[in-house]
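Numbered from 1 within each chain, the chains take letters A, B, ... in sequence-line order. Note that this is a predicted model, so its numbers are computed, not measured.
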Amino acid sequence: MFQSHVHSLRPMTSAHLAQTMTLLSLTSSELRQQIDAELAQNPALELLEERRCPTCHRLLTSKGPCPICSQPQVRGLDEPIVFISSREDFYTGSGMSTEDIPEDNLSAVTEDLPTFVLRQIALELSVQDRPIAAYLLTHLDDNGFLTIDTLDVARYYHIPLERVQNIIRMIQRSDPVGVGSSGPQEAMLVQLEVLAESRPVPPLAEMAIKNGLGQLSHHQFADLARQLKTSLSEIREISHFITENLNPFPAHEHWGDNRHPDEPLSEVYHQPDIIINFLNDSPKNPLVVEIILPLNGTLRVNPLFRQAIKQVSEEKKGDWKNDLERASLLVKCLQQRNHTMRRLMQRIVSLQQDFIIKGETFIKPITRAQISKELDVHESTISRAVSSKIVQLPNKRIVPLSVFFDRSLNIRSVLRGIIIQESRPLSDSELVTLLSEEGFKVARRTVAKYRAMEGILPAHLRRSFISAST
DNA sequence: CTATGGCACGGATT
DNA sequence: AATCCGTGCCATAG
């Protein structure tokens, strides 16, 4: 076993406890937002952009999972491997690289572009504006551009044009930055604007895009330089900057053509927080549990800040100390969260291995309370950790983490099996006896409920299936 | 009369 | 304390 040394208690303030709790209940993407926000406003916090493999602690150079751990030597055979990982392909932030789409992200992209965008902005939008945003988002083409006229939308909803434009503006500034624009030019202008908030951009870039997009794409630099009254080298720089940082087709970043065609439309879940898989997808290998952590690097308290605080003037010292406190608190809590999540998954996966590998029929009825006793934490801790988390199973199904605690899933699964097999439509009470023969004692009324859950019609409306066996 | 769905209650779970 | 789940009773449809 590994990492059990952390179990020894470290001092816990009440603030510590409280924040650990809230962090625990956050999903990966929410966590990222939280961290980003703190990172932006707290100078004491520092993100080392390096990527280390969380298991073997080796410095990673390329994207994707650790090359060493991905091809691991045999390690704890029955015990699943649980580790924390950062998935850049999930959380590319506002990065706009046009190339390197990781090859294994087909399982990651389970949300379509409109949903993905809407989720980001839904909270900022007023309730009345949400349907409008949704409407707009359903009219995106493959490039991520709007295919309808904003004026039409305004007329359709009987609202001022300005309001529609505001919504569009919000859409444009969310994740695939520039999505919802009318074309490449507008998209790039938005991207430029967003980029300018975090780093310096060439002063003439805006002009170049506005007036000389044609020349730029045809590499007629001299022509453009004359038009903008600037030097050729300046234009070269701008051109380089643009190709490097802007993407004329926002939707191509990760959504392009490789959608998931087979995924049933029944339930739309979001990007998983946890991925369970066999090594190399081969069922002979041990299970790997990957807990997604949306950071490309290590989060820590900036040591320089720690140094500098000693020399800062008295009146500012309070603020600085406060920042320092917050920063180290966050880091600690994050560690705590990771630790808890890892132990939780470790336990769940070893308890429910049959379910994960062989299917729903083999799920064991376990409760959160039971796990909390085994891990020696409070029930609510497990509750928070489980709720609103989403897991991807080896069979590529995306389900809530709470299915591991579904008491009736196995019975429902058996029930489904019976109904599919037997040729004559069976009444609920007949099903009760059949189920009891299988070892499940449930009331007739309950069977009806399970049927409903599985979307199976009542007996008299059911046409018997053609079955092979009598 | 049989088969089902609705409502609501009590115990378990969160 | 709030919520979920299995179940019993009753009304209704066939």
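Contact annotation: A:Tyr450 does not reach the phosphate of C:dC5 (side-chain N/O to OP1 or OP2, under 4.0 Å). Contact between the side-chain N/O atoms of A:Thr446 and the OP1/OP2 oxygens of C:dT7 is found at a separation under 4.0 Å.
Here C:dC9 presents its C1' atom at 10 Å from CZ of A:Arg444, a figure rounded to the nearest Å. In this structure, A:Arg368 atom CZ and C:dA2 atom P are separated by 19 Å, rounded to whole Å. Rounded to an integer number of Å, the gap from A:Arg407 CZ to C:dG6 C1' is 8 Å. In this structure, A:Ile366 places its CD1 atom 13 Å from C1' of B:dT13, rounding to the nearest Å. Taking atom CD on A:Glu379 and atom P on C:dT3, their separation rounds to 17 Å, with Å as the unit. The distance between atom CG of A:Leu409 and atom P of C:dG6, rounded to the nearest whole Å, is 11 Å. Atoms CZ (A:Phe440) and P (C:dT7) sit 13 Å apart, rounded to a whole Å. When the C1' atom of B:dG5 is taken as reference, atom NZ of A:Lys449 falls 9 Å away, rounded to whole Å.
A salt bridge does not link A:Glu430 to A:Arg444: none of the charged side-chain nitrogens sits closer than 4.0 Å to a carboxylate oxygen.
The backbone N or O of A:Leu26 lies less than 3.5 Å from a partner atom in the side chain of A:Arg337, making a donor-acceptor pair.
The closest side-chain donor-acceptor pair between A:Ser181 and A:Gln172 falls under 3.5 angstrom. Checked by atom type, the side-chain pair A:Asp406/A:Ser408 shows a donor-acceptor distance below 3.5 Å.
A:Arg445 contributes a side-chain N or O that forms a donor-acceptor pair with the base of B:dG6 under 3.5 Å.
Counting any heavy atom pair closer than 4.0 Å across all strands shown, A:Val442 reaches sugar-phosphate atoms only and no base atom. Counting any heavy atom pair closer than 4.0 Å across all strands shown, A:Ser387 reaches no nucleic acid atom.
Mapping A:Ser383 and A:Asp428 onto DNA chain B by nearest heavy atom places A:Asp428 closer to the 5' end of the strand.
Looking at heavy atoms from C-beta onward, A:Met453 lies out of side-chain contact with A:Arg416 at the 4.5 angstrom threshold.
The listed nucleotides are C:dT7, C:dG6, B:dG5; the one nearest the side chain of A:Met453 is C:dG6.
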